[in-house]
Amino acid sequence: RGASRDASLEAFEKLVGTGSFTYDESKALLPTVMRTSVASRSDSGDLVQAAEKMKVNFGLTPDQIAIALAKIMRGGQEGGFEIKDSAKWIGPLAPFMKGYKGMDAVEQLSTFLQQVRSTAGTNDEAANNFRNFIQKMGADSTRKDFKKQGFDLDAEMAKGVLARQTPVETYMSLLDRVMAKNDPAGKARAAMLKADKSATPEERAEQYEAIKKIYQDSAVSQIINDLQEFGGYEGLRRTKEYGAKVLSAVRDENGNAVSTGFQFMTEGTGAPMQAAANEKDIAATNALEAISGPLNKLLDGTISLAERF
């Protein structure tokens with residue numbers, strides 16, 4: 001109830017088509033995907049992709065997907081990065097979440113997206129900033145860059161594990177030390193903060209160009225090589241308390257976010273529109289079945305006549 005029949009069939013085909021879920025697992029997951037799609041007005045195809053990437057990269061079992069999607073939806077309710085955008089970006093981001101596994105990976109990623117969204121103009125800009133940041137963490141070039149600054153990245157990350165810090169926490173701490181060394185006056189950081197997130201993309205591009213020279217002159221770019229990566233770093237650094245609040249809410253989520261949203265869309269003000277769409281699907285199918293017999297006879301007659309000539 002609530003989802004169109006065509007959308008449900010398409011989502012099922014995509015679940016099976018991922019190759020990560022068996023036929024039976026796909027059947028069991030379909031209600032979860034469609035309920036979440038209706039509850040959040042998200043594209044079911046994006047949700048299928050998110051489910052598959054969470055299984056492959058985070059090690060989630062199929063029966064954990066429902067809670068994982070609810071946690072992502074709750075994160076969007078706490079911040080500005082809604083699940084319909086998160087579902088689209090989980091696929092590109094999940095492979096770079098090294099050191100994160102299970103439900104914790106889902107909770108952390110959902111929180112990170114809310115944090116970087118608070119300092120970006122759009123959701124896509126925020127996700128792209130975070131992708132640049134998280135991708136750089138595991139790069140060989142990053143190890144070399146830190147070594148030039150007198151830091152052994154692998155050793156520092158290992159210390160972080162022993163201190164029970166997350167990979168991002170350890171990396172952020174190390175970056176803070178590099179920033180303090182290379183930009184003691186905080187010129188690059190101050191310039192970045194002036195980039196108004198409410199500006200148009202064109203205006204922001206001009207602001208970033210103005211920042212670039214200060215950014216490079218301060219030698220900060222010896223570690224952080226582009227402004228998008230710097231945007232991800234600043235988005236996380238400036239919102240630590242906010243991130244802790246979001247993470248707490250996401251960890252407490254047990255499925256109510258989807259249940260409440262689904263109930264609203266199927267029984268509240270969103271119900272009539274979806275119900276009408278479903279009735280249209282059913283009527284179209286019935287009409288097709290009613291004419292299929294006579295139409296087939298007509299086609300058979302036409303073919304027979306053509307063969308005679």
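Side chains are part of it too, since the values below use all heavy atoms of this structure and drop only hydrogens, waters and symmetry mates. The structure presented is a predicted model; accordingly, all values stated were derived computationally and were not measured. Heads up: numbering here begins at 1 and tracks the sequence.
- When side chains are defined from C-beta on, V168 counts as touching M137, because their heavy atoms get closer than 4.5 Å.
- The environment of K147 atom NZ is sparse: at most 12 non-hydrogen atoms of other residues, nucleotides or ligands sit within 6.0 angstrom.
- Remark: I72 CD1 to E107 CD distance equals 10.5 Å, nearest 0.5 Å.
- Of all heavy-atom pairs between M34 and A11, the closest is SD-CB, 3.6 Å.
- Counting heavy-atom neighbours within 6.0 Å of R143 CZ, excluding the residue itself, gives a total above 12.
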Determine, stepwise, if the pair F81 / V116 fulfils side-chain contact (heavy atoms from CB on, under 4.5 Å).
CA-CA 9 Å; F81 208 111; V116 294; 5.5 Å; no

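- Not one N or O on the side chain of E253 forms a donor-acceptor pair closer than 3.5 Å with the backbone of I67.
- When side chains are defined from C-beta on, D85 does not count as touching L113, because their heavy atoms never get closer than 4.5 Å.
- Using a cutoff of 4.0 Å between basic side-chain nitrogens and carboxylate oxygens, R237 and D176 are not scored as salt-bridged.
- Between the S37 side chain and the S42 main chain, a donor and an acceptor come within less than 3.5 Å of each other.
- When atom types are taken as modelled, the side chain of R117 and the backbone of A120 share a donor-acceptor pair closer than 3.5 angstrom.
- V16 and F21 fall within a single hydrophobic cluster, where Ile, Leu, Val, Met, Phe, Trp and Tyr side chains are chained together by heavy-atom contacts under 4.5 Å.
- Between Q49 atom CD and S20 atom OG the span is 11.0 Å, to the nearest 0.5 Å.
- Looking at every heavy atom in both residues, S44 comes nearest to A7 through OG-O, 4.1 Å.
- Looking at F130 and F96, their side chains never come closer than 4.5 Å, going by heavy atoms from C-beta outward.
- F112 and M172 fall within the same hydrophobic cluster, defined by Ile, Leu, Val, Met, Phe, Trp and Tyr side-chain heavy atoms under 4.5 Å apart, directly or through other members.
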As a quick check of understanding, evaluate side-chain contact (heavy atoms from CB on, under 4.5 Å) for T119 and N129, giving each step before the final call.
CA-CA 10 Å; T119 58; N129 287 349; 5.9 Å; no

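- The shortest heavy-atom contact between A39 and M73 is O-CE, 3.6 Å.
- Taking OG of S40 as the reference point, atom CD of Q77 lies at 9.5 Å (rounded to 0.5 Å).
- Note: the hydrophobic cluster containing V106 does not contain L247 (ILVMFWY, side chain heavy atoms under 4.5 Å, direct or indirect links).
- Although no hydrogens or angles enter the test, the distance criterion places no donor-acceptor pair under 3.5 Å between the side chain of E169 and the main chain of Q165.
- Cluster membership check: L69 shares its hydrophobic cluster with Y100, using side-chain heavy-atom separations under 4.5 Å among Ile, Leu, Val, Met, Phe, Trp and Tyr.
- Taking 4.0 Å as the cut-off between side-chain N and carboxylate O, E10 and K14 count as a salt-bridged pair.
- Judged by distance alone, the side chains of D124 and T122 never bring a donor and an acceptor atom under 3.5 Å apart.
- Remark: the backbone N or O of K136 is paired with a side-chain donor or acceptor of T142 at under 3.5 angstrom.
- Residues N123 and G80 come closest through the heavy atom pair OD1-O, 3.4 Å.
- Within the 3.5 Å criterion, the main-chain N or O of P95 finds a donor-acceptor partner in the side chain of K98.
- Contact annotation: the side chain of M103 approaches that of Q64 to within less than 4.5 Å [non-hydrogen atoms, C-beta and beyond].
- To the nearest 0.5 angstrom, R74 atom CZ is 11.0 Å from T111 atom OG1.
- Residues D252 and S248 have side chains in contact (heavy-atom distance under 4.5 Å, counting atoms from C-beta outward).
- Side chain of K101 to backbone of N57: a donor-acceptor contact under 3.5 angstrom is found.
- Side-chain atoms of K71 do not come within 3.5 Å of backbone N or O of S110 as any donor-acceptor pair.
- No continuous path of hydrophobic side-chain contacts links L153 to L162 [ILVMFWY only; heavy atoms under 4.5 Å].
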For the pair S259 and R35, evaluate side-chain contact (heavy atoms from CB on, under 4.5 Å) and give the outcome as yes or no after the intermediate values.
CA-CA 8 Å; S259 298; R35 282 173 63 89; 4.0 Å; yes

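- Rounding to the nearest 0.5 Å places CE of M97 at 8.5 Å from OG1 of T166.
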side-chain contact (heavy atoms from CB on, under 4.5 Å) assessment of V33 paired with F12:
CA-CA 9 Å; V33 170; F12 178 71; over 6 Å; no

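- Counting only N and O atoms by type, the side chains of W89 and N128 include no donor and acceptor under 3.5 Å apart.
- When hydrophobic residues (I, L, V, M, F, W, Y) are linked wherever their side-chain heavy atoms come within less than 4.5 Å, the members clustered with V250 are Y242, V246.
- Comment: K159 engages E156 in a salt bridge, judged by a side-chain N to carboxylate O separation of less than 4.0 angstrom.
- Note that the CG atom of L93 and the CZ atom of F133 stand 12.5 Å from one another [nearest 0.5 Å].
- Remark: the backbone N or O of A257 is not paired with any side-chain donor or acceptor of T260 at under 3.5 angstrom.
- Judged by distance alone, with hydrogens and angles left aside, the side-chain atoms of T18 form a donor-acceptor pair with the main-chain N or O of L15 at under 3.5 Å.
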